[in-house]
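What follows is a set of notes on a single structure, which appears directly below.
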Amino acid sequence: MTKNPVKIVLLLGALALAGIFALYISNSTTPIGEKQKALKDLGGEFQLNSLDGTVNLNQFKGQTVVLYFGFLNCAEVCPSSMGVMATAFSMLPPEEYANVQGIFISVDPGRDDLDSLDKFAKYFDKRIKGLTGTKEEIDALTEQYGVYFDLVDMESSELSYTVDHASRFYIINPEGKLVDAMSHTTTPIELAAGIDRAHSNALANN
């Protein structure tokens, strides 16, 4: 049977577009068609729930905070990203490790309970907390930080839906200001360097 070169080119083109779209979804902080906000326009105070009670950003003043938005049924991206965060923390000098706080924020509050979030976060590192809130609180916070996520129906799955979401590390300096947003392709060395920059710049400014 003779292969049609046009069909092969079209198939390869479709696969390439699908790959580009998947890469966009995993790295973008904004939905397609919406204007991306500058980093200076993102971030700010928030209050959510943890297993130990209410948590707000202001209580971590003086520490470097690393935020990650995800969900517990995420099979690959979230666990691997949390592994990157934990490995980056292990590279920090003791003084910086004592002053860093990791936070995993669930964008799936309908399924992710506080006990499961706490176990998931602490599995990676004791300095990571698992937080979530009401749907309205999560919607407001993701808008505030420019985080894209979307619930996608999966009628043929027992899960009934999954969550498409941008995968990024948000670094907040000890003064509570968002200073960096790094892709999930960031290596532990790059993330540790980003945390160190935020810590060192804050010390230099004081």
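Just so we're clear, the structure is a prediction, and the values are computed from it rather than from any experiment.
- A search for side-chain contact (heavy atoms from CB on, under 4.5 Å) contacts involving Asn201 returns Arg197, not counting sequence neighbours.
- Note: Met82 CE to Ile128 CD1 = 4.0 Å, rounded to the nearest 0.5 Å.
- Checked options Val55, Leu117, Leu67; the residue passing with Leu131 is Val55 (criterion: side chain to side chain contact (heavy atoms under 4.5 Å, CB included)).
- The closest donor-acceptor contact from the side chain of Glu143 to the backbone of Ala140 lies at 3.5 Å or more, if one exists at all.
- Under the 3.5 Å distance criterion, the side-chain polar atoms of Thr132 are matched with a main-chain donor or acceptor of Ser106.
- When every heavy atom of Pro188 is checked against every heavy atom of Ala88, the shortest pair comes out as O-CB, 3.4 Å.
- Under a 4.5 Å side-chain heavy-atom criterion applied to ILVMFWY residues, the cluster that includes Met91 comprises Ile189 as well.
- Not one N or O on the side chain of Asp115 forms a donor-acceptor pair closer than 3.5 Å with the backbone of Asp118.
- The closest donor-acceptor contact from the side chain of Gln144 to the backbone of Gly44 lies under 3.5 Å.
- Across all their heavy atoms, Tyr68 and Ser81 have their closest contact at OH-OG, 3.3 Å.
- Residues Val84 and Thr187 come closest through the heavy atom pair CG1-C, 4.0 Å.
- A ring-ring contact (aromatic ring centres under 6.0 Å, His included) check over residues 81-119, counting only residues at least two apart or in different chains, returns the pairs Phe104-Phe120.
- Aromatic ring orientation, Tyr145 versus Tyr170: perpendicular (interplanar angle above 60°, classes split at 30° and 60°).
- Distance CG/Asp108 to CZ/Phe149: 8.5 Å, rounded to 0.5 Å.
- Gln63 places no side-chain N or O within 3.5 Å of a backbone atom of Phe60 that could act as its donor or acceptor partner.
- Screening residues 41-55 for side chain to side chain donor-acceptor pair (under 3.5 Å) gives no qualifying pairs among residues at least two apart or on separate chains.
- Judged by distance alone, the side chain of Gln101 and the main-chain N or O of Arg127 form a donor-acceptor pair under 3.5 Å.
- Qualifying side-chain contact (heavy atoms from CB on, under 4.5 Å) partners for Glu95, counting only residues two or more places apart in sequence or in other chains: Asn99, His199.
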If you apply the rule side chain to side chain contact (heavy atoms under 4.5 Å, CB included), what do you find for Phe69 with Ile138, and how did you get there? CA-CA 10 Å; Phe69 295 81; Ile138 295 302; over 6 Å; no
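- Looking at every heavy atom in both residues, Ser167 comes nearest to His184 through OG-CB, 2.7 Å.
- Considering all non-hydrogen atoms of both residues, Ala121 and Gly130 come closest at CB-N, 3.6 Å.
- With hydrogens and angles ignored, the 3.5 Å screen pairs no side-chain donor or acceptor of Ser116 with any backbone N or O of Asp112.
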Which pairs would a plain distance check flag for residues 171-182, meaning a side-chain donor or acceptor within less than 3.5 Å of a matching protein atom at least two apart in sequence or in another chain?
from: Asn173; atom 1: OD1; to: Glu175; atom 2: N; distance (Å): 2.9
from: Asn173; atom 1: OD1; to: Gly176; atom 2: N; distance (Å): 3.1
from: Asn173; atom 1: OD1; to: Lys177; atom 2: N; distance (Å): 2.9

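- Nearest approach of Cys74 to Val77, heavy atoms of both residues: SG-N, 3.7 Å.
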